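Let me begin by presenting the structure, written as structure tokens, before commenting on it.
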Amino acid sequence: MVRLRVIPCLDVKDGRVVKGVRFQGLRDAGDPVERAVSYAASGADELCLLDVSATREGRGSAVETVRAVRAAIGIPLTVGGGVRRIEDAARLLDAGADKVAVNTAALERPELIAEIRARLGAQCTVLSLDAARREEGDRPDSPPSWEVVVAGGTRRTGTDAIEWARLAVSLGAGEILATSWDRDGTGDGYDAELLRALASAVSVPLIASGGARTAGHMETALDAGASAVLAASIFHDGVTTVRQIKLELARSGRDVRLPLCPPTVQ
Amino acid sequence: MSPDVVLVRTGVANVASVTAALRRLGVEPRLSDDPAEIRGAAAVVLPGVGAFGAGMGRLEAAGLVTPLRARVERGEPTLAVCLGLQLLGLESEEEPRVPGLGVAPTRTRRLTGAPRLPHFGWNLVEPDPGCTMLTAGEAYFAHSFRLDDSPALAAEGWSVARSLEGEPFVAAIERGAVLGCQFHPELSGAYGAALLERWLERAALTLSGGAA
């Protein structure tokens, strides 16, 4: 059986790792290559690198960051942020990404997903979905629902997150990176209801993102149907390590990849 | 001395990760789709990301079908990864009317029984006792199709490593200096690096006259 995956996420802006809360208030969190190498040595199953640069110059440096990270690590690398055209996706693959995540541009033009799938394959095509809970409105007992947010979470699109995921998979997305805007950077735990709704709507693997602080949070996400758990702040801030999280998951009987001995410095 | 390694330019494959993995082992691969180079290279990597039909189409258009077949039949150092491995087979359910290279006597079908597809992630690789390059360990997979575990493989001298996701499937095959992996050794951390190193050592040995 395939192992559950633990995926540290590097949000990169102008060549530096940054992290905020609900996508805002970004603070510096180190050098991307140093972070990548240390997470890979700690047992990361994949890395995710999201370019959150706001400018064209920043985007150019993101390709260089991908190249440098790829040269240093031998585990899979998913890259997202600013992918607007098939050429952007191809450029990131050439630089060393193994999977490309699309977000805002695909919402505006869903065919982008089909184009990337046709040229690069479903195993390269990831939908990055930022979902915020809708206000409950008049009926507090109504089931929860989520809408897609863009522009660093500052704009609610009105698009239903679950429907969007379903459409993206039908167009060829091979994986969904589902970030809860409400939980991002808070340490309050993943939005398990969001994950459960997505897991029953689509049959591709689901990466849980937004809110992780403990191994217990990760277990909740896995029970909700996620195949992988992503976290950023807790690893950047030294709250815990990938190794520690995986040891805790293994102790709870979860099927994770564990290095047999402590990583050696080469 | 590390051997001269040529990476087949298929146009549909991502070669950056394979290149980076070989560089970390001190090998600078050359990218080529020239049949003479593929025929004459000390070692060849057939990477694979993308679809079976498009992959075979590119090999045919570049005139690489015959040189690749010859390499595998002679046991010359050749590494086929993911779709590359599937292309060694007879055919694929992904593109039923397109014949593969036909050097590995088995077929490619959709992975069935897996809870979610594509099969993304690390899974256990369990080699036959006959494997000399492949060892037991966890490797990284990213695929929805896989080779049938046909007895014809062993009959033609292939040793098989298996994995399990919904059903047992062929994780890798080896014969002489030919290695075909459904998983991605270039993305499989220390396990993958060690496997690539053993393949490069086998290639160097083969070239120094250890095997024909």
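Keep in mind that this is a model prediction, so the values were computed, not measured. Chain letters run A, B, ... following the sequence lines, proteins first and then strands; every chain starts at 1.
- Looking at A:Leu77, there are no atoms closer than 4.5 Å to chain B (heavy atoms on both sides), in backbone or side chain.
- At a 4.5 Å heavy-atom cutoff, the contact between B:Leu117 and chain A is made by backbone atoms alone.
- Interatomic distance, B:Glu94 CD to B:Arg109 CZ, rounded to the nearest 0.5 Å: 14.0 Å.
- Taking the six-membered ring where tryptophan is involved, the planes of B:Phe169 and B:His119 are perpendicular, since the angle between them exceeds 60° and thus also 30°.
- The pair A:Glu163-A:Arg166 meets the salt-bridge criterion, with a side-chain N (NZ, NE, NH1 or NH2) lying under 4.0 Å from an Asp/Glu carboxylate O.
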- Could you walk me through whether B:His143 and B:Phe141 pass ring pair (Phe, Tyr, Trp, His ring centres under 6.0 Å), step by step? CA-CA 6 Å; B:His143 65 117; B:Phe141 293 84; 5.5 Å; yes
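- Considering all non-hydrogen atoms of both residues, A:Gly225 and A:Ala199 come closest at CA-CB, 3.9 Å.
- For B:Arg24, the part lying near chain A is the side chain, with the backbone staying farther off; criterion is any non-hydrogen pair under 4.5 Å.
- For a residue to count as touching a neighbouring chain, one of its non-hydrogen atoms must lie under 4.5 Å from one of that chain's; by this rule A:Arg5 touches chain B with the side chain only.
- With respect to the salt-bridge test (charged N to carboxylate O, under 4.0 angstrom), the residues B:Glu93 and B:Arg107 do not qualify.
- Of the two parts of B:Phe120, the backbone and the side chain both hold a non-hydrogen atom closer than 4.5 Å to a non-hydrogen atom of chain A.
- Both the backbone and the side chain of B:Ser17 come within contact range of chain A, judged by heavy atoms closer than 4.5 Å.
- Ranked by heavy-atom pairs under 4.5 Å with chain A, the list B:Val18, B:Leu164, B:Leu187 is led by B:Leu187.
- Heavy-atom distances place the backbone of A:Ala97, and not its side chain, under 4.5 Å from chain B.
- Using a cutoff of 4.0 Å between basic side-chain nitrogens and carboxylate oxygens, B:Arg58 and B:Asp33 are not scored as salt-bridged.
- Most heavy-atom pairs under 4.5 Å with chain B: of the set A:Ala72, A:Ala40, A:Ala122, this distinction falls to A:Ala72.
- Neither the backbone nor the side chain of A:Ala90 comes within contact range of chain B, judged by heavy atoms closer than 4.5 Å.
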